[in-house]
Amino acid sequence: MITVSDNAVFALSNRYFSYVFHVSPEGLLEHRYYGLPLSAPLDAPVHHQGTQREMTSNFEGEPYYNLTDTPQEYPIFGRSDYRAPAFHARNADGNSIFTLLYKSHTIKADKPKLDGLPSARGGGSQTLIIILEDALWGLTAKLHYTVYEDYGVLARSVVFENNGTRDINLEHVYSTALDLPPGDYEALHLHGTWAREFNAERMALPHGRFVIGSARGTSSAAHSPFLAVIDATATETHGRVYGTALVYSGNFSISTEVNEFEDVRILAGINPFNFNWTLAAGERFTTPEALHVFTQNGLGGMSHIWHDFVRDKISPPAFRHLPRPTYLNTWEAAYFDVNEGKVLTLADKAATLGVDMLVLDDGWFKGRRDDTTSLGDWTADPSRFPSGIPALAAKIKAKGLKFGLWFEPEMVNPDSDLFRAHPDWILHVPGRKSSLGRHQLTLDLSRAEVRDYLFDAIDSLLSCGDIGYVKWDMNRAMTEVGSAAFPPSQQAEVPHRYLLGLYDLLSRITNKYPDILFENCASGGNRFDLGMLSYMAQNWTSDNCDPIARLDIIHGASLVFPLDVCAAYIGPSPNHQNGRVSSIHTRYDAGAFCAAKGVSLSEADIDANLPALQRLMSHAKDTATDMVGGHFDRLIKTRNEVCWQYTSRDGETVYLAYFHILAAPNLPFRRAHVRGLDPLAEYILTEDKTRHQGDALMHSGMALPYVATGQVKADMRYMAKGDFSSHVFIFKKVSP
Ligand code: DGJ
């Protein structure tokens, strides 16, 4: 997979791509090629012509060698490249001129773990480590490139070592830089906010820089840490796509830059804004990991590569192919109004519904009657949960259910025993009043004693042995990010140190409880990223459970994330976030391909819809095994229609979900062109036992139900009358 020529050309290849670079005569790493696999990658032509350009400068006076027009692997600034650099730092002379020249390389059989940071697991992989050096300041940058035999993903990260004698202040330490040749490209990224996550935006790549990122302390829903540069003509099934995502949950930046010569640069890594890290002599700094995907098969092709990789190499392995439990969650059933009696009644309802688990969401701990108080005090409220959480968990277990519990460990309310005892344990800066988000402050996870407190508090509950699931919530962005534990010169390190602390805490807890299913939540999908997914197999996709809103949210999330990691429940109607009224079936169908499914409804709502809910939860259980490890395709997305396909891992069952948003008379007849079937096999549609040939379903398509507005015809299939209708087809492959 990794080959090196005598003249220092490096090629990383597998059946998905070749990635090629070389060392220039000056010792700089120049990028050559990234695209479909080449038969002789070491001979890949150099895609730029060294030439004399006016108003550019030549690196160290070398004729025809200006770096601003040279594709590079890890670009520096101030040495004839005027684009945003991957690396920028300040040395003890006060300038920022560094030159990272090739020194040596090694090839490792697998993939080393990153220091203190989550990263994709190895296995079937090789890692090339290129050692670059700035001899003047004794700085070493080790560029890590991992290529896998079976995945179309290239993993990159950088480890810096200060082998000199003076401090180096790191400012830009991007995890990756990718310089592509000029082309007709667009950018695709995901933006959003609370309850409106994962909106896909596609736009022409502008000249200059286009930057997405976060300075909120968390990755956030404002921008997902993902961006793709795609052929302007790319569709779901065709076209070149270069996807980049970060395995990181904090302040990040991903940018594109098109310069005056149309060269394209992608940078991804820690956000350099408000970041500074003092790398003292003898110290080391590791960047988060960046992942690149290349495909020629359009956005669907990219998603398939991400999905396989995330589920096999990022998400905790214990849950890889485990069906997720169905559940009843107390949040939209009772909000903060929970007590032992009510929870036990809801547990009885859960048993009647036939679900596997009862999840006690927010509101169970000391004094927590609304969101103004008590975060940090992780013991059961004695007046409402007199027997305590372990006893409640045992009672729920006795009803034949699993028990799940909500925490928001990273936060504290000013009105809490924890804050009264340790007011300096929050992120804050001297002399400034702290800003609040949802009445709460962020604990300073860069401090070991804070992490120890949280570990003990959570451990003391999980150790009862009857808690099978934890929802790990986080409901505010950070402000006044400073730490009482670090000197003024290191305050700009605190945002990243927070993340290192969070990952340390998550590792300790999830390593101790590998069988507990952790669900990542941040007011829904406000920290839904590959860093958090490294510890948690499940994500609360959004606080918005309205099915029509969810169509866009799932569409966007599915560009990167397999629906194996997404949770969906049937929430109330009218929906509590946008007021929309929808049928219980559409509410279920919107989440039908998410692996984790449940209900969060009041007792009255459950009673009023009992037979339908029982049927739907029984369907969720019957299909739970299929909903992990399968293949998801986005077949149709217009303003008024969505059609998704989900094919089980064994290819035996094919699901089609069709959603029609606003009804209208006299609409066209629509067909969905199913993908990836066995062309010669027959597929039986379970609802009417009709037989359909694989190739016909793919090439002629499946007739979608007609939106009924008036007259109906006996031999036609109709959607439910009115707005917001849906239908799920299930096909079973006929064994030959
Ligand atoms: C935000 C989450 O997204 C909700 O599901 C719920 O857990 C609340 N927090 C509880 O405060």
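Atoms within each ligand, like the ligands themselves, are counted from 1 in listed order. Computed from a predicted structure; not experimentally measured.
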Participant: Using a strict cut-off of 4.0 Å, indicate which atoms of ligand 1 neighbour a heavy atom of Ser523.
Facilitator: 1 (C), 3 (O)
Participant: Near Trp540, which atoms of ligand 1 are under 4.0 Å from a heavy atom of that residue?
Facilitator: 3 (O), 5 (O)
Participant: Does some non-hydrogen atom of Glu408 fall short of 4.0 Å from ligand 1?
Facilitator: no
Participant: Shortest non-hydrogen contact from Gly354 to Thr326?
Facilitator: O-OG1, 4.4 Å
Participant: Between Trp331 and ligand 1, is there a nitrogen or oxygen pair with a distance under 3.5 Å?
Facilitator: no
Participant: Tell me: protein heavy atom nearest atom 7 (O) of ligand 1, and distance?
Facilitator: Asp361 OD1, 2.6 Å
Participant: Check each heavy atom of Asp371 against ligand 1 and say whether those closer than 4.0 Å belong to the side chain, the backbone, both or neither.
Facilitator: neither
Participant: Under 4.0 Å from any heavy atom of Lys471, which atoms of ligand 1 are there?
Facilitator: 4 (C), 5 (O), 6 (C), 7 (O)
Participant: Can you tell me if Arg438 contacts ligand 1 (heavy atom of the residue under 4.0 Å from the ligand)?
Facilitator: yes
Participant: Test your reading of the structure: does Asp543 have an N or O sitting under 3.5 Å from an N or O of ligand 1?
Facilitator: yes
Participant: Which ligand 1 atoms are under 4.0 Å away from a heavy-atom of Cys521?
Facilitator: 2 (C), 3 (O)
Participant: Has Tyr646 got a side-chain atom pairing as donor or acceptor with Asp626's backbone, closer than 3.5 angstrom?
Facilitator: yes
Participant: About how many Å separate CG of Leu353 and CG of Leu613, when rounded to the nearest 0.5 Å?
Facilitator: 5.5 Å
Participant: Give every donor-acceptor pair under 3.5 Å between a side-chain atom in residues 461-468 and any protein atom, sequence neighbours left out.
Facilitator:
from, atom 1, to, atom 2, distance (Å)
Ser463, OG, Asp459, O, 2.9
Ser463, OG, Ser460, O, 3.3
Asp466, OD1, Lys397, NZ, 3.1

Participant: How about Arg216: does its CZ atom have over 12 heavy atoms from other parts shown lying under 6.0 Å from it?
Facilitator: no
Participant: Quick check: closest heavy atoms across Trp306 and Val560, and the distance to 0.1 Å?
Facilitator: CB-O, 3.1 Å
Participant: Is there a polar contact, in the sense of an N or O pair closer than 3.5 Å, between Gly524 and ligand 1?
Facilitator: yes
Participant: Check each of Thr541, Asp473, Thr330 against atom 2 (C) of ligand 1 and report the one with the nearest heavy atom.
Facilitator: Asp473
Participant: Keeping the roles fixed (side chain from Asp377, backbone from Lys366), state whether a donor-acceptor pair exists under 3.5 Å.
Facilitator: no
Participant: Arg368 to ligand 1: N or O pair under 3.5 Å?
Facilitator: no
Participant: For Ser249, is there any backbone N or O sitting under 3.5 Å from a side-chain donor or acceptor partner on Tyr503?
Facilitator: yes
Participant: Taking only heavy atoms of Asp362 into account, list the atoms of ligand 1 that are under 4.0 Å away from them.
Facilitator: 10 (C), 11 (O)
Participant: Does any N or O in the side chain of Arg324 come within less than 3.5 Å of the main-chain N or O of Lys597, such that one atom is a donor and the other an acceptor?
Facilitator: no
